[in-house]
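A, B, ... follow the sequence lines: proteins, then strands. Residue 1 opens every chain. Side-chain atoms are counted along with the backbone in the values below, which use heavy atoms only and exclude waters and symmetry mates.
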Protein chains: 2
Amino acid sequence: MRKLGELEGVALGIVLKRQPCTAYAVRIELKASPSSHWRASAGAIYPLLSRLEHEGLIQATNDNSDGRGRRHLSITREGKKALKAWIKAIANPDRLSEIFDPLRSRMFFLGALGHQEQIALAESVLEALDLNLENSQQYVRQNPASGDFFEHLGAIGGVMNAESRIKFLREALTQIRRHKT
Amino acid sequence: MRKLGELEGVALGIVLKRQPCTAYAVRIELKASPSSHWRASAGAIYPLLSRLEHEGLIQATNDNSDGRGRRHLSITREGKKALKAWIKAIANPDRLSEIFDPLRSRMFFLGALGHQEQIALAESVLEALDLNLENSQQYVRQNPASGDFFEHLGAIGGVMNAESRIKFLREALTQIRRHKT
DNA sequence: CGATGCATGTAAGCTGTTACATGATTGC
DNA sequence: GCAATCATGTAACAGCTTACATGCATCG
């Protein structure tokens with residue numbers, strides 16, 4: 001059984017949670033989730049789900065109740081097995097450290113800016129991060145502990161990450177101010 | 001002036017820091033950095049740097065002091081302008097939230113596992129995260145405040161992120177134990 | 001004198017993006 | 001009736017990976 005890619009895992013997971021649902025719904029959910037790496041373009045989602053269907057990880061039933069030719073997706077036994085394997089693969093330290101954070105990438109090169117520019121940028125990013133935190137907190141409220149437990153956990157993770165980034169940038173800003181070229 | 005992609009920005013930043021340096025050195029540095037999204041494959045780096053050279057953002061001088069045909073890269077005035085623009089682009093909230101964390105992606109779907117499996121996985125990931133933290137701390141020691149200031153800042157960011165993930169997973173584990181399906 | 005590291009690249013393939021194309025349904 | 005949303009897809013392209021190919025230098 002083939003290993004799933006990152007977007008494949010996420011998409012398959014969404015199918016499991018929302019089944020029976022359309023490919024469109026999967027796409028919207030991906031877009032809606034805050035701080036996502038994925039743009040969830042149609043050109044990615046539809047071929048991806050076709051692939052998963054072709055491999056027997058999801059199945060589709062045609063819904064002819066209206067003229068839109070909706071196709072309702074659900075996960076198969078094989079699909080759930082593949083999803084579980086995908087989830088468990090995170091225990092691999094290499095997979096675990098495949099993080100991507102455009103803010104931290106840029107910190108390494110902040111020295112390319114002048115001292116005033118550094119401070120101005122850090123301050124404006126700090127504002128953006130505050131908005132970011134508010135969005136994450138709102139997402140938690142939209143997914144309370146009373147609803148889907150793991151959706152709630154993931155949302156909490158988003159808040160903690162946002163807080164961590166703010167803490168980091170505040171610390172960085174303090175040190176930059178002290179630094180003076 | 002064209003906007004730089006993420007890997008382009010990072011590569012250009014490394015050239016600025018290490019110049020004059022070879023493309024190979026850029027690649028090694030990318031690989032060495034802990035928790036990197038990029039595999040820094042030759043097939044990515046060499047065409048990328050050729051592109052930047054072609055566009056006048058970096059320049060190369062041939063070094064014939066040995067038979068390896070080394071090409072020493074350095075950044076141009078235009079290149080530094082492009083790099084600064086790339087760094088400042090992080091103030092854009094959309095760019096800022098393009099985070100990717102394979103651990104958090106999977107938290108949303110942890111419910112696909114049985115309760116015991118959830119706990120076992122979380123525990124083994126927690127161990128891997130501890131190693132992760134140690135690596136990040138070592139990276140800080142390798143890049144002390146006495147050296148390149150921003151390299152040090154970036155390294156600190158790595159540690160804070162590692163700590164944040166551990167804190168998150170500990171919290172998650174506690175809640176999962178309480179949850180009992 | 002052989003293994004490892006330095007150094008540069010290419011070819012095929014996969015995955016994702018943007019932009020386009022089409023059409024039905026719903027709400028104002 | 002018209003706009004927004006639901007819904008499915010394709011085509012062209014960009015970017016990165018794996019795997020391959022080549023050859024010099026250095027160290028034991």
note: A/Asp94, atom CG; D/dT17, atom P; distance rounded to Å ~ 14 Å
Separation of C/dG5 C1' from B/Glu29 CD (nearest whole Å):
17 Å
B/Glu53 CD to C/dT8 C1': how many Å, rounded?
13 Å
Under a 4.0 Å heavy-atom criterion, the protein footprint on nucleotides 3-16 of chain D, written with B, S and -, is ---BBBBBB----S
Distance check needed: D/dT17 P versus A/Arg95 CZ, whole Å only.
14 Å
Please determine which of B/Ile75, B/Asp148, B/Val26, B/Leu12 meets the side chain to side chain contact (heavy atoms under 4.5 Å, CB included) test together with B/Lys17.
B/Asp148
Parallel, tilted or perpendicular: ring planes of A/Tyr139 versus B/Phe108, cut at 30 and 60 degrees:
perpendicular
Rounded distance (nearest 0.5 Å) linking atom CD1 of B/Ile166 with atom CG of B/Asp130:
4.5 Å
Are side-chain heavy atoms of A/Phe109 and B/Ile87 found at a separation under 4.5 Å?
yes
Length of the NZ-P vector between B/Lys31 and C/dG5, whole Å:
11 Å
Over the length of the helix from C/dC1-D/dG28 to C/dC28-D/dG1, how much do the five-pair end axes diverge, rounded to 10 degrees?
30°
All salt bridge (Lys or Arg N to Asp or Glu O under 4.0 Å) counterparts of B/Glu55, not counting sequence neighbours:
B/Arg2
For this output row, return yes or no: ring centroids of A/His37 and B/His37 closer than 6.0 angstrom.
yes
May I ask you to test the A/Ile176-A/His115 pair for a side-chain heavy-atom distance under 4.5 Å?
yes
Short side-chain donor-acceptor distance under 3.5 Å, B/Glu134 and B/Gln138
no
